[in-house]
A.B. asks: 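This is the structure I want to talk about, given as structure tokens.
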Amino acid sequence: MPDFHDLAAAPEPAPVLSGGPQASMENVMQDGRPDPLSAAYNPADVESRWYDFWLERGYFTARPDQDRERFTVTMPPPNVTGQLTMGHMLGESIRDVLVRWQRMEGKDVLYLPGMDHAGIATQNVVERKLESEGKKRQDLGRDGFLREAWAWKEEYGGKILQQLRRVGVSVDWSRERFTLDEGYSRAVLLVFKRLYEKGLVYRGHYIVNWCPRCHTALSDEQVENQEVDGHLHFLRYPVKDGEGKHITVATTRPETMLGDVAVAVNPRDRRFKKLVGKTAVLPFLRREIPIIADDAVDPKFGGGALKVTPAHDPVDLELARRHGLQPVVVMDTEGRMNENAGDFAGLDRFEARKRVLERLTDLGLLEKSEPYRFTLGVCERCETVIEPYLSLQWFVKMAPLAQPALEAARRNQVKFFPKRWRKVYRHWLENVHDWCISRQLWWGHRIPVWYCRKPGCPSTAVELERPGPCWHCGGTDWQQDEDVLDTWFSSWLWPFATLGWPEETADLKTYYPNQLMVTGPDIIFLWVARMVMAGCECLGQPPYPFVLLTSIVRDAQGQKMSKSLGNSPDPMDLMDRYGADAVRFTMVYLTPTDQDLLFDEKRCETGKFFANKVWNAARLVRSRLGDEDPRGVRESGLELQLADRWVLSRLANAIKDTTRNLKTSRLNEAANTVYHFTWHEYCDWYLEMVKPRWADQAEPRDRRVARWVAWKVLDGILRLLHPFMPFVTEELWQALPHEGESLCVAAWPKARRAWYDAQAEAQVSFLQGVVVAVRNLRAEMNVPAGKRVPVVVRGSREQLDLLRQLTPQLLPLARIERLDLAYDGLRPPVAASAVVEGAEVFLPLEGVVDVESERARLAREADRLLTELEGTKRKLRNQDFLSKAKPEVVDRERQKLQQFEETLEKLKRAQEALREAPAS
RNA sequence: GGGCGGAUAGCUCAGCGGACAGAGCGCAGCCCUUACAAGGCUGAGGACGUAGGUUCGAAUCCUACUCCGCCUACCA
């Protein structure tokens with residue numbers, strides 16, 4: 001077995017189950033020794049054991065010095081404030097499946113973990129903590145607060161990473177990164193500086209999304225849109241010298257009228273022709289504001305006139321700038337009306353809205369209020385209503401950065417799976433707005449911009465360190481910008497800043513670009529697109545060639561799982577109750593390729609029961625292996641039986657399908673393939689068929705074959721399953737004869753060409769048909785489950801020979817007492833019967849069976865077949881079908897016809913035979 | 001307003017041009033058969049959202065519609 005890691009010095013693996021100290025179960029193996037594998041699988045017991053073992057052996061540590069193909073994936077860094085969610089659980093399961101699979105394929109794997117400092121979220125948490133102590137961040141000052149935040153990070157920050165260990169993620173902890181650690185911070189500041197120098201970072205007064213509760217600006221992507229039922233209010237502004245005339249504007253935010261500087265109408269709107277150029281008088285403040293004409297005004301909306309509030313609306317700001325109008329800010333950073341709001345100063349914006357409406361009503365200036373449905377922006381962190389707010393902020397000019405990112409996708413240098421997300425990505429990049437990156441917070445990367453404080457000196461320096469003397473005035477009194485950078489301004493560097501960039505580290509050279517990104521489609525804009533932009537900008541190539549977008553986890557009602565809704569189970573609790581393997585497997589097994597995952601925790605039983613099934617299959621094989629060591633056995637020297645050839649062929653197919661599904665990112669299909677093969681082929685059929693060959697009285701040479709095949713296939717199953725269920729598979733693999741020291745570095749199985757055996761598959765499929773037919777007849781005829789029955793089969797010589805060969809293995813499968821093969825062509829006089837691939841299976845009645853019900857059953861069966869037959873005949877009578885359909889399709893139809901006719905013929909004879917039978 | 005998904009068994013999904021439409025869970029019946037009751041066997045259950053069209057043939061391709069979900073947008 002190839003050994004992919006430099007582990008020559010590693011000692012033998014701990015004999016965990018091979019008679020280890022925990023072997024305390026009462027089960028006894030055939031040879032009388034106690035069996036350490038308990039009858040019921042206990043995940044907690046097993047799962048606590050292996051993670052440290054893997055870590056100690058360094059299996060997860062990437063080795064860039066080795067000459068192997070590499071496979072690099074970075075973990076989307078969870079927030080330091082984080083709690084493991086079901087979304088993480090899914091993402092981590094998927095990533096770890098792929099990573100473990102690639103490791104078993106022999107690649108040099110780097111799965112890099114880390115955390116995000118999560119500016120707003122963390123600052124909120126720390127502020128809340130201070131609040132509970134009766135303190136505010138301002139009391140501590142900036143440095144004091146940061147000390148507090150770091151202390152908090154040290155204490156709680158790694159909690160989610162601890163939780164991830166529980167999941168079993170095979171990450172390289174030696175390369176763990178934090179977006180606020182020293183080297184990483186340097187990379188962030190450097191990118192800011194470089195973009196500034198290229199003119200792609202600029203500072204300016206614009207309308208930003210302001211959260212009055214978090215006291216900071218947000219990017220567009222950090223605002224969530226909610227549909228709300230509100231009102232559209234129609235306000236009347238008196239026209240100066242208008243002889244009592246008014247102009248009516250419509251708004252959902254009446255309080256912003258206090259910041260109005262104009263009323264705008266569409267220049268082509270005849271209704272207002274005479275008013276353009278006149279002056280309106282703003283109620284309360286008596287401010288005289290011009291009535292202007294601008295194309296941006298939609299004459300069909302509201303009354304056709306737009307109130308212009310440049311300090312509180314982006315469209316209005318642009319419009320005002322076109323007309324040289326000065327904005328008036330009427331709110332403070334808390335969302336309260338400020339001194340420009342006249343009598344309303346000091347009121348909260350919503351209170352002010354109420355009062356404005358009341359007083360307008362009193363003055364007869366509120367024309368009407370109509371119910372109106374519109375979208376409202378709320379802060380993604382605290383759900384506070386966002387206030388569009390004019391302020392001085394830093395921005396990234398996005399269009400130039402977007403071009404290479406678009407190009408990369410166009411050239412397929414970045415591919416998306418499922419494909420449709422590419423469109424989403426492209427659409428966003430094509431319409432991207434500039435990115436507001438300054439945040440009025442303390443926790444984060446402080447903006448590396450310095451302003452000379454000498455009065456009148458205009459110097460601004462962008463430097464990672466405090467600059468030397470001012471080149472303009474010679475002063476040294478620099479004031480650093482108070483703001484920090486948006487968290488995503490650091491996250492977008494994740495695929496390479498984690499590898500040491502901007503230093504030319506060995507890691508960077510080896511592991512950039514990464515091979516894969518696995519994340520949720522909800523952060524394509526926020527993160528994925530930006531990472532591609534940053535990768536192209538900083539390293540000249542995209543950070544990874546492939547993005548796998550996972551399902552979003554929702555509850556059974558389709559609602560997104562979230563803490564606030566309380567509809568998300570705690571993954572830790574699930575793992576306690578079902579086992580980490582079970583939850584992992586279930587998530588992957590359930591996740592649809594291109595849809596959200598509606599999750600119900602009860603589904604974890606699928607994984608739990610499956611783990612138990614595998615556990616027990618291994619227990620069986622292990623006990624029947626006796627003291628035989630199958631490892632030395634040469635496959636070529638074995639005389640394989642039909643069942644052996646069949647199961648090896650099925651294994652080959654399972655390996656092929658699982659591997660293909662992993663390659664094409666159909667993880668659920670991959671899980672499904674292993675599940676089905678293990679349970680419904682290996683366990684249900686092979687292990688059942690092989691049991692008689694293990695018996696004491698069985699022929700020793702063949703017993704050896706049966707043992708070897710059972711072991712070999714199980715070994716293959718454990719390998720295939722390991723990425724999905726790392727703990728239980730390692731436990732079992734160690735407990736069975738194995739080569740190498742850990743399953744997680746064992747080779748991914750290869751399907752041997754010689755294993756494929758179409759003939760064996762066809763033959764076993766026939767035998768299964770016979771068994772199922774007998775079971776079916778028994779059930780239909782209400783034969784008591786425990787009763788053994790005689791069975792007679794008529795059929796071709798080949799069919800009968802096949803049955804004869806396998807008779808001993810077949811009998812227990814259908815509780816058959818005696819299998820009579822009618823080489824003489826005789827049929828039992830009175831029997832229930834079924835047809836399998838042309839062969840007739842008889843369950844002689846002999847009082848066991850009710851003749852009437854068998855007649856009815858046969859009639860039903862014949863009826864059904866007749867319908868089929870008719871359909872086929874109809875097709876074959878159709879000239880168009882015969883001439884236009886593909887020849888092989890026509891041919892298949894002819895075969896069907898023949899088969900139906902034969903079967904029907906046999907059913908009829910069975911019916912005739914019963915007609916002569918005495919009623920029971 | 002634009003865009004994207006979805007609609008198939010009670011539930012969650014697979015099938016995406018040719019044989020009575022499949023799986024898992026759930027349900028019903030029978031079984032504690034010495035790996036597993038976290039198990040085994042058997043079974044019931046479906047106008048493939050609606051209406052048209054293309055085709056020898058449609059759950060599958062096209063068009064329209066209905067209903068759900070998501071994303072996006074400077075009609076205030």
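Remember, it's a predicted structure, so these values are computed and weren't measured experimentally. So that the names make sense, note that chain A is the first sequence line, chain B the second, and so on, each numbered from 1.
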A.B. asks: Any side-chain donor paired with an acceptor under 3.5 Å for A:Thr591 and A:Ser551?
C.D. replies: yes
A.B. asks: Under 4.0 Å between any heavy atoms, over every strand shown, what does A:Thr375 touch: base, sugar-phosphate, or nothing? Just pick one.
C.D. replies: base
A.B. asks: Please state whether the phosphate of B:rA23, meaning OP1 or OP2, lies under 4.0 angstrom from any side-chain nitrogen or oxygen of A:Trp679.
C.D. replies: no
A.B. asks: By nearest atom, which of the nucleotides B:rU12, B:rA35, B:rA38 is closest to the A:Phe609 side chain?
C.D. replies: B:rA38
A.B. asks: Among the nucleotides B:rA73, B:rC56, B:rA35, which one has an atom lying closest to any side-chain atom of A:Leu620?
C.D. replies: B:rA35
A.B. asks: What does A:Asp596 touch in the nucleic acid at a heavy-atom separation under 4.0 angstrom: a base, only the sugar-phosphate, or nothing?
C.D. replies: sugar-phosphate
A.B. asks: Counting heavy atoms from C-beta on, name the nucleotide in B:rG6, B:rG18, B:rA76 closest to the side chain of A:Phe881.
C.D. replies: B:rG18
A.B. asks: How are the rings of A:Trp679 and A:Tyr675 set relative to one another: parallel (under 30°), tilted (30 to 60°) or perpendicular (over 60°)?
C.D. replies: tilted
A.B. asks: Charged N to carboxylate O below 4.0 Å: is that the case for A:Arg353 and A:Glu255?
C.D. replies: yes
A.B. asks: From B:rC36, B:rC75, B:rC70, pick the nucleotide closest to the side chain of A:Tyr372?
C.D. replies: B:rC75
A.B. asks: Does A:Arg624 have a side-chain nitrogen or oxygen under 4.0 Å from the phosphate oxygens OP1 or OP2 of B:rA35?
C.D. replies: yes
A.B. asks: Considering only side-chain heavy atoms of A:Asn878, which listed nucleotide, B:rA73, B:rC56, B:rC75, is closest?
C.D. replies: B:rC56
A.B. asks: Between A:Arg815 and A:His680, which residue's closest nucleotide on RNA chain B lies nearer the 5′ terminus?
C.D. replies: A:His680
A.B. asks: Please pick, from B:rA38, B:rG40, B:rC74, the nucleotide with the shortest atom-to-atom distance to any side-chain atom of A:Tyr41.
C.D. replies: B:rA38
A.B. asks: Ignoring backbone atoms, test whether A:His312 places a side-chain nitrogen or oxygen under 4.0 Å from the OP1 or OP2 oxygen of B:rA76.
C.D. replies: no
A.B. asks: When you measure from the side chain of A:Thr606, which nucleotide among B:rG24, B:rA35, B:rA19 comes out closest?
C.D. replies: B:rG24
A.B. asks: I need the residues from residues 299-306 of chain A with at least one non-hydrogen atom less than 4.0 Å from RNA chain B; give them sorted by number, or say none.
C.D. replies: A:Phe301, A:Leu306
A.B. asks: Would you mind telling me which of B:rC74, B:rC4, B:rC36 lies closest to the side-chain atoms of A:Lys613?
C.D. replies: B:rC36
A.B. asks: Measure from the side chain of A:Val772, starting at C-beta and using heavy atoms only, and say which of B:rC74, B:rU42, B:rA35 lies closest.
C.D. replies: B:rU42
A.B. asks: Measure from the side-chain heavy atoms of A:Asn616 and tell me the nearest of B:rC75, B:rC36, B:rU42.
C.D. replies: B:rC36
A.B. asks: Would you list the pairs meeting salt bridge (charged side-chain N to carboxylate O under 4.0 Å, His left out) in which at least one residue belongs to residues 294-310 of chain A, sequence neighbours left out?
C.D. replies: A:Asp260-A:Lys307, A:Arg268-A:Asp295, A:Asp294-A:Arg322
